[in-house]
Protein chains: 2
Amino acid sequence: MDTIKKLIKDKGQRFTSQKKEILCALQQKPQTVLEIYKAVNSKKNSMDKTTVYRILTNFLDLGIVNKVQLNDKEARFELSNRKHHHHLVCEDCGNIENIQLPEDTLLKVVKKKSDFKIKSHSLEFFGVCKHCQ
Amino acid sequence: MDTIKKLIKDKGQRFTSQKKEILCALQQKPQTVLEIYKAVNSKKNSMDKTTVYRILTNFLDLGIVNKVQLNDKEARFELSNRKHHHHLVCEDCGNIENIQLPEDTLLKVVKKKSDFKIKSHSLEFFGVCKHCQ
DNA sequence: TGACTTATTGCAATTTATTTGCAATAATAA
DNA sequence: TTATTATTGCAAATAAATTGCAATAAGTCA
């Protein structure tokens with residue numbers, strides 16, 4: 001939290017109560033804007049949805065959060081200070097789990113096969129979680 | 001094309017000129033609804049955007065097309081009768097290339113590591129293409 | 001071929017997701 | 001404590017996707 005606060009202030013930006021709230025609401029699990037909005041407004045607080053959008057865009061610029069696009073149209077956000085990982089999305093209950101995978105070999109193959117300078121990648125799995133099977 | 005026509009008719013659905021047009025417009029490269037809409041309307045034809053949406057949804061149900069969600073919010077569609085592949089997306093010019101990768105080992109690790117019954121996955125790479133480097 | 005049935009289309013209007021403009025507010029520095 | 005200005009909330013605009021419904025046309029059968 002303090003690292004993030006410093007990061008924000010070093011950019012000449014302000015560490016507002018709204019930003020703090022959103023940071024608290026963000027779990028590892030990627031959440032939609034609406035979910036984050038509901039989470040912060042479930043307490044005594046009230047925050048406009050526009051503010052949620054703006055803060056998340058700002059956090060994205062600063063590298064504090066990652067944007068995760070799953071199969072639905074709503075974007076999702078998660079804190080970026082976790083280890084690099086991928087997602088397992090349950091098509092029944094919508095639950096999302098993180099998973100870490102060895103992917104060095106795969107990335108090497110891509111580098112060999114293509115002229116692209118790869119900067120990032122996303123790897124998402126869709127299926128049915130244990131609970132829904 | 002005939003396989004697809006049969007698939008449609010076997011479901012008691014009609015093989016309309018609009019569906020034919022959209023099939024022609026679909027390349028391997030995943031396109032947005034707007035791109036497909038423009039492609040079909042560039043000729044003498046005129047087709048409503050709603051129709052494009054509806055036909056693509058229908059094709060998705062029948063498994064004729066795949067939905068591809070990249071980092072932007074607009075969904076993309078591509079014919080599903082190609083070999084399974086992944087995408088290289090240039091962040092500069094927006095160009096999208098297909099790439100085929102050996103992924104058996106990766107999928108095996110996922111199965112070993114998780115309780116999920118994996119049904120599909122998406123693997124997208126973002127970077128800079130040769131031309132833009 | 002022509003008439004009939006009904007899936008499909010086009011158009012207008014909605015809904016949903018996201019963005020923008022601007023005055024009021026509040027975080028920080030002096 | 002005051003001044004500066006980044007940020008917020010609200011209303012309105014834009015963009016993406018969906019829905020209702022009457023008109024159209026694909027396929028069927030006489």
Side-chain angles (χ1 to χ4, degrees), chain A residues 1-2 4-25 30-41 43-62 64-65 67-77 94, chain B residues 1-2 4-25 30-41 43-62 64-65 67-77 94:
Chain A
M1 178 70 101
D2 279 341
I4 294 176
K5 183 171 179 178
K6 190 173 180 308
L7 185 67
I8 291 170
K9 306 212 73 180
D10 283 354
K11 292 271 175 181
Q13 300 177 353
R14 292 169 186 179
F15 191 67
T16 61
S17 63
Q18 287 85 344
K19 288 180 186 175
K20 206 186 296 180
E21 283 292 329
I22 288 186
L23 282 174
C24 290
Q31 292 178 94
T32 65
V33 170
L34 193 63
E35 284 166 351
I36 296 166
Y37 170 74
K38 278 181 183 166
V40 289
N41 281 309
K43 308 187 209 167
K44 58 182 177 310
N45 311 293
S46 97
M47 194 190 308
D48 195 79
K49 212 182 283 179
T50 306
T51 305
V52 180
Y53 272 104
R54 265 189 294 225
I55 289 176
L56 286 170
T57 307
N58 177 239
F59 282 2
L60 205 55
D61 288 344
L62 298 179
I64 296 168
V65 297
K67 193 177 182 182
V68 180
Q69 268 290 358
L70 301 181
N71 254 340
D72 44 11
K73 60 189 164 206
E74 285 174 86
R76 286 162 196 274
F77 297 86
Chain B
M1 176 72 100
D2 279 340
I4 293 176
K5 184 171 178 180
K6 190 173 181 309
L7 186 67
I8 291 170
K9 306 211 72 179
D10 283 354
K11 292 272 176 182
Q13 298 178 355
R14 291 171 187 179
F15 192 67
T16 62
S17 64
Q18 287 87 345
K19 288 179 187 175
K20 207 186 294 182
E21 282 292 330
I22 288 186
L23 282 175
C24 290
Q31 292 178 96
T32 65
V33 169
L34 193 63
E35 284 165 351
I36 297 166
Y37 170 73
K38 279 181 184 165
V40 290
N41 281 310
K43 308 187 208 170
K44 57 183 179 306
N45 312 292
S46 97
M47 194 189 310
D48 196 81
K49 211 181 284 178
T50 307
T51 305
V52 181
Y53 273 107
R54 265 189 295 224
I55 289 176
L56 287 169
T57 308
N58 177 238
F59 282 2
L60 205 56
D61 287 345
L62 299 179
I64 295 168
V65 297
K67 194 177 182 182
V68 181
Q69 268 290 358
L70 300 180
N71 254 342
D72 44 11
K73 60 190 165 206
E74 284 174 85
R76 286 162 196 273
F77 298 86

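Since we're looking at a predicted model, the values are computed, not measured. We name chains A, B, ... by the order of the sequence lines, and we start the count at 1 in each one.
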Steps toward side chain to side chain contact (heavy atoms under 4.5 Å, CB included) verdict (A:L62, A:I4): CA-CA 9 Å; A:L62 298 179; A:I4 294 176; over 6 Å; no
Interatomic distance where CG belongs to A:D72 and C1' belongs to D:dA16 [whole Å]: 14 Å
CG-CG distance between A:D61 and A:L56, expressed to the nearest 0.5 angstrom: 11.0 Å
D:dA6 phosphate, OP1 or OP2, under 4.0 Å from A:T16 side-chain N/O: no
Between P of C:dA7 and CG of B:D10, the distance in whole Å: 16 Å
Position toward the 5' end of DNA chain D (nearest nucleotide), B:K9 or B:T57: B:T57
Nearest-neighbour nucleotide for the A:T51 side chain, D:dG9, D:dA17, C:dT18 considered: D:dG9
Sugar-phosphate, base or nothing in reach of B:L34, heavy atoms under 4.0 Å: nothing
Side-chain touch B:I8/B:R14, heavy atoms, less than 4.5 angstrom: no
Distance in Å, B:T32 OG1 paired with B:D72 CG, rounded so as to fall on 0.5 Å steps: 8.5 Å
Between C:dT6 (P) and B:R14 (CZ): distance, integer Å: 9 Å
Point-to-point distance, once rounded to the nearest 0.5 Å, from SG of B:C24 to NZ of B:K19: 14.5 Å
Rounded interatomic separation in angstrom, taking CG from B:N58 and P from C:dT8: 6 Å
Whole-Å distance separating the NZ atom of A:K19 from the P atom of C:dA26: 15 Å
Closest approach of B:N41 to B:S46 (non-hydrogen atoms, all atoms of both residues): OD1-CA, 2.9 Å
Out of D:dA17, C:dG10, D:dG9, whichever nucleotide has its closest atom nearest the side chain of B:Y53: D:dA17
B:K49 NZ to C:dT15 P, straight-line distance once rounded to whole Å: 20 Å
For atom NZ of A:K11 and atom P of D:dT7, their distance in whole Å: 12 Å
base_contact_polar (C:dT9 base, B:R54 side chain, donor-acceptor, <3.5 Å): no
Student check: side-chain heavy atoms of B:I22 and B:T51 closer than 4.5 Å: no
DNA chain D: 5'-proximal contact among A:F15 and B:K5 (nearest heavy atom): A:F15
Bending between helix ends of the helix from C:dT1-D:dA30 to C:dA30-D:dT1 [5 pairs per end, 10° resolution]: 30°
Closest nucleotide among D:dT8, C:dT18, C:dT19 to the A:T50 side chain: C:dT19
For atom CD of B:Q13 and atom C1' of C:dT8, their distance in whole Å: 10 Å
A:Q18 vs C:dA27: side-chain N/O to OP1/OP2 distance below 4.0 Å: no
